[in-house]
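Presented below is the structure to which this report refers.
Along the sequence shown, residues carry numbers from 1.
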Amino acid sequence: MARETEAAHSTRASHSLNLQLGFTRNIIDNNHITCYIITENSNGRCLDLIFSNFYCVVDRAKYYLVKDDPHHPAVCINFSKIFTQGTPSFHMINCNNGYNFKRANYPLLYESLSSIDWTPLQNIDDVEKACFHFYNKLYEVFNLAIRKYSSSKHREYYPPWFTSEIIRCVQQKTLAYKNYKKYRTIQYEELFKLHRSRSKYLIEEAYKRYISNTEKSISADPKKFWAFIQSKKATTRIPGLMVYDGTELSTPSDIVNAFGEYFNSVFIYSTPRDHTQPPPKIRSSTQIIASPISSQEVLEILKRSKDSLTMGIDGVPSFILKDCAWSLAHPLSVLFNLILKHSVCPSLWKHAYICPILKKGNPSDVTNYRGISLLCNFAKVFETTLYSDIYNQTKQLISIHQHGFTQKRSTITNLAIFSQYVSEVIDNKGQCDVIYTDFTKAFDQIDHFILMEKLNHFGFSQSLIKLFCSYLRQRQFCVKYRNFTSKPFIPTSGVPQGSNLGPLLFLLFINDLVNNITCQKLMFADDFKLFTKINDIQDCVDLQMSLDLACTWCTEMNRLKLNIAKCKVVSYTRRNQTSYFDYNINGSVLERVDSFKDLGVVFDNRLTFVKHITEIITKAYKTYGFIYGNCSDFHNESTLKLLFCSLVRSRLEYRAVIWSPIYAVHRSSLEAVQRKFLKWLAFKQDAVYPPQGFNHSTLLDRFNILSLYTRRNILTIRFLYNLLNNKLDCPLLLGKINFLVPRSSAVRQHVLFYISASRSNALARSPVALMCSLFNGIASSCDIFFDSVNYVCSSMKDL
């Protein structure tokens with residue numbers, strides 16, 4: 001009886017606590033209250049939270065009225081008016097209230113920026129005050145030279161090629177038609193016909209100019225093609241009707257709040273790690289520090305800024321940074337060095353818009369999107385300078401098995417190593433089992449405490465660790481869509497996606513995943529695969545043990561989760577009988593599949609790549625049809641060729657060194673896509689389609705385009721050139737290349753590489769065999785160690 005009473009009391013207490021938490025959450029959400037988490041106490045924990053619906057800066061107090069409690073340290077709350085002058089507050093920012101950079105007095109703007117006296121900035125020793133002074137000077141110039149967006153009434157939608165003259169003419173035509181229908185007079189009829197004929201003429205001429213200007217802009221920047229498509233559809237990339245948690249959302253405010261709620265739900269609460277667990281081994285004998293930043297470094301980065309209107313919450317577009325690089329380099333270097341001195345990231349730079357980007361699946365489902373941070377452009381410049389400095393000191397510490405976000409490595413180096421290993425196993429009539437793992441929101445669920453502990457063991461200085469603490473904590477996000485913003489939320493874990501420092505911090509966090517794993521392994525950021533050759537049951541057991549070690553590293557030591565539903569097993573072999581083993585994660589057996597798309601390439605269990613070739617041909621035809629339907633009014637040859645090469649041909653050539661076809665039927669199927677486009681291009685020029693059976697080489701020569709077969713060979717030779725000349729960092733693949741040493745100097749055969757005999761076409765088409773055999777065919781006409789890469793590739797073109 002006592003136990004029942006105790007259980008009932010516990011249930012009531014739990015229910016009461018849930019009601020209180022729900023009531024508290026409603027108050028926070030409805031009043032736009034933000035939680036400001038202070039620094040941890042002497043035990044490394046955050047016991048005190050501060051809530052406010054006003055912007056404030058919370059930090060440890062330097063002066064105390066009474067004795068400081070080590071468990072509940074004193075804090076200082078500063079309700080300053082920073083960033084309220086010249087720019088709207090975080091909750092009220094909207095592009096309709098900002099600066100209209102399309103209608104600016106640019107001579108006055110650039111002259112005023114170049115004449116700003118930045119001397120007072122050098123005398124400020126507080127990061128927040130210095131940042132406020134810097135922006136205050138910028139906004140003074142903006143207010144002088146740039147107009148604000150005016151709140152105009154909603155007007156009827158017109159196509160983008162409609163000018164004000166056309167709109168007036170259409171309105172006059174509409175008015176004349178109404179008067180004619182009302183009075184039925186000849187005067188109104190003639191007036192209507194006059195305006196109708198004039199509007200038709202003006203629209204036709206304006207549309208021709210619009211198409212001509214669009215073709216020229218696409219030739220200069222292929223990305224302008226998508227702006228042209230969006231203007232034709234008059235829609236945005238996010239549907240107007242979204243679904244989240246079983247509820248249909250149609251208003252923009254509901255949609256952005258649903259996105260904000262979903263993005264906020266993926267975070268975890270960062271807590272100190274159990275100190276009973278052994279810390280990762282120290283990999284660096286020297287301390288990693290941040291060097292002072294010079295004006296010249298900042299100037300070089302500013303010059304590389306994009307020439308676009310992309311802007312963060314501060315409302316400063318990137319083209320301002322590029323055009324005014326000489327004026328902004330010095331004050332930014334002063335501000336950057338002040339940040340490094342105090343190890344404090346400015347509060348404004350920790351605020352960002354979140355842009356939803358569709359991953360895959362139904363575009364109307366909120367959960368199919370990932371959030372990319374739109375940071376302030378000045379924050380990106382600072383991150384770039386800091387990234388280059390830290391990466392140069394840590395690149396030797398990053399695992400050789402990691403190919404993501406690292407210099408001289410990419411998806412092709414990852415896939416080439418894997419494909420070479422599997423092809424050798426298959427050629428020896430063996431079996432290779434591969435386990436493809438998938439992390440759940442890996443970038444968003446990085447525990448900040450664990451990350452700081454790892455940075456400490458990497459050898460980061462305490463000032464740099466303090467700066468990263470300030471950079472990651474108390475960030476504030478809100479989702480922006482159609483000029484609507486969601487309720488702000490604070491990420492409690494993870495690294496910002498879309499930043500420059502985020503990927504580097506993630507690589508350092510996940511670096512020790514492969515330390516104790518003995519089987520073969522490869523990583524590309526959070527894409528992790530384990531594989532080994534299977535000779536007997538013990539090899540399967542060893543692979544399972546490696547998977548168990550990876551699971552232990554994730555769940556028990558680093559608070560990351562594996563998405564078991566997306567973890568797959570593939571057994572690569574050409575045996576008649578395949579040995580099957582039930583690999584599992586915490587007792588859940590992983591699904592075994594016959595094919596898997598790895599970094600964009602479909603690998604089937606017999607390593608034939610037939611599924612991949614079929615898939616890319618299907619998608620290429622769809623993309624070509626998309627261009628055909630939307631560019632029917634285009635006639636510029638260079639523009640159409642550019643669109644085909646960037647959108648269609650790039651898909652047919654992606655990582656061709658991995659899956660290059662050896663059968664003529666596959667080569668002709670790939671070539672048919674380009675042939676179809678060239679015949680359409682000939683029709684655009686001649687107004688007559690080439691007849692059936694027209695010579696394909698004639699079309700290639702006419703439009704100065706190489707065949708796909710030749711281009712695949714050139715790409716393969718270029719990969720070999722980069723590998724041998726230290727343009728790629730891939731020692732595991734480089735060790736597979738064998739040089740042929742002739743027995744006598746009198747040998748006339750010009751062959752550089754030795755290619756071992758293969759039993760199957762799997763090894764004959766492997767990356768190493770394909771590269772070496774292709775170059776042996778041109779070895780007599782070029783030197784891969786002396787000649788330039790263009791000369792070597794031209795030799796392959798001539799062949």
Phe531 vs Tyr421, ring pair (Phe, Tyr, Trp, His ring centres under 6.0 Å): CA-CA, chis, key distance, verdict:
CA-CA 10 Å; Phe531 54 99; Tyr421 181 88; 5.3 Å; yes

Carefully, step by step, assess Asp433 and Ser571 under the rule side-chain hydrogen bond (donor to acceptor under 3.5 Å, both in side chains).
CA-CA 4 Å; Asp433 281 4; Ser571 293; 2.8 Å; yes

Would you sort out whether Ser760 and Asp427 count as a side-chain hydrogen bond (donor to acceptor under 3.5 Å, both in side chains), showing the intermediate values?
CA-CA 6 Å; Ser760 64; Asp427 191 68; 3.0 Å; yes

Can you check side chain to side chain contact (heavy atoms under 4.5 Å, CB included) on Ile435 and Phe528, steps first, answer last?
CA-CA 9 Å; Ile435 301 176; Phe528 179 50; over 6 Å; no

Run the side chain to side chain contact (heavy atoms under 4.5 Å, CB included) check on Thr394 and Ile288 step by step: do they pass?
CA-CA 8 Å; Thr394 58; Ile288 298 173; 3.4 Å; yes

What verdict does the side chain to side chain contact (heavy atoms under 4.5 Å, CB included) test give for Leu678 and His696, after you've listed the backbone C-alpha separation in whole Å, the side-chain angles of each residue and the deciding distance to 0.1 Å?
CA-CA 9 Å; Leu678 293 179; His696 184 52; 4.0 Å; yes

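Ring-plane geometry between Phe739 and Phe753 is classed as tilted, the angle between the planes lying from 30 to 60 degrees on a 0 to 90 degree scale. By the 30° and 60° cut-offs, the orientation of the rings of Phe609 relative to His612 is perpendicular. Ring geometry for Phe443 versus Phe506: interplanar angle under 30°, hence parallel rather than tilted (30 to 60°).
Side-chain atoms of Asn500 come within 3.5 Å of backbone N or O of Lys380 as a donor-acceptor pair. The main-chain N or O of Arg606 is found under 3.5 Å from a side-chain atom of Arg574 such that the two form a donor-acceptor pair. Not one N or O on the side chain of Arg759 forms a donor-acceptor pair closer than 3.5 Å with the backbone of Asn428. In this structure, Asn558 contributes its side chain and Trp553 its backbone to a donor-acceptor pair below 3.5 Å. Checked by atom type and distance alone, the side chain of Asn586 never pairs as donor or acceptor with a backbone atom of Asp548 at under 3.5 Å. For the pair Asn725 (side chain) and Lys727 (backbone), a donor-acceptor distance under 3.5 Å is absent. Between the side chain of His401 and the main chain of Leu522, no donor-acceptor pair closer than 3.5 Å is present. Of the possible polar contacts, one joining the Trp659 side chain to the Arg655 backbone as a donor-acceptor pair under 3.5 Å is found. In terms of modelled atom types and a separation under 3.5 Å, the side chain of Gln445 and the main chain of Phe267 share no donor-acceptor contact. A distance-only check finds a donor-acceptor pair linking the side chain of Asp536 to the backbone of Asp539 [under 3.5 Å].
Using a 4.5 Å cut-off on side-chain heavy atoms (C-beta onward), Phe677 and Val648 make no contact. Under the 4.5 Å side-chain criterion, counting only non-hydrogen atoms from C-beta, Gln420 is not in contact with Leu732. Using a 4.5 Å cut-off on side-chain heavy atoms (C-beta onward), Leu670 and Ile613 make contact. Contact check for Pro363 versus Asn368: no side-chain heavy atoms found under the 4.5 Å cut-off. Side-chain contact check for Leu549 versus Met545: every heavy-atom pair is 4.5 Å or farther apart.
Judged by a 6.0 Å distance limit and a 45° cone about the ring axis, Lys529 is not positioned over the six-membered ring of Tyr436.
Of all the heavy atoms in Thr384 and Arg304, the pair that sits closest is CG2-NH2, 4.2 Å. Contact detail for Ala525 and Leu507: the closest heavy-atom pair is CA-CD2, 4.4 Å.
Ion pairing of Glu671 with Arg667 is absent here, as no side-chain N (NZ or NE/NH1/NH2) approaches a carboxylate O to less than 4.0 Å. Ionic pairing of Lys533 and Glu424 is not present here: no N-O contact between side-chain nitrogen and carboxylate oxygen is shorter than 4.0 angstrom. Residues Lys611 and Asp604 are not paired through a salt bridge, judged by the lack of any N-O separation under 4.0 Å between the basic side chain and the carboxylate. For the pair Arg712 and Glu653, the salt-bridge criterion is not met [side-chain N within less than 4.0 Å of a carboxylate O].
With ring centers used as reference points, Phe603 lies under 6.0 Å from Phe418. For Tyr583 and Phe581, the distance between ring centers is under 6.0 angstrom.
Just one residue in the list Leu700, Asn713, Ile714 forms a side chain to side chain contact (heavy atoms under 4.5 Å, CB included) with Leu706, and that residue is Ile714.
For Arg370, the CZ atom is loosely surrounded, since the number of other residues' heavy atoms within 6.0 Å does not exceed 12. Heavy-atom neighbours of Asp783 CG from other residues, nucleotides or ligands within 6.0 Å: above the threshold of 12. In the displayed structure, Tyr621 atom OH is contacted under 6.0 Å by more than 12 heavy atoms of other residues, nucleotides or ligands. Within 6.0 Å of NZ in Lys641 there are more than 12 heavy atoms belonging to other residues, nucleotides or ligands. More than 12 heavy-atom neighbours from other residues, nucleotides or ligands sit within 6.0 angstrom of CD on Gln538.
Looking at Thr573 and Thr578, their side chains never bring a donor and an acceptor atom within 3.5 Å of each other. Checking Ser788 against Asn790 by side-chain atom types alone, no donor-acceptor pair falls below 3.5 Å.
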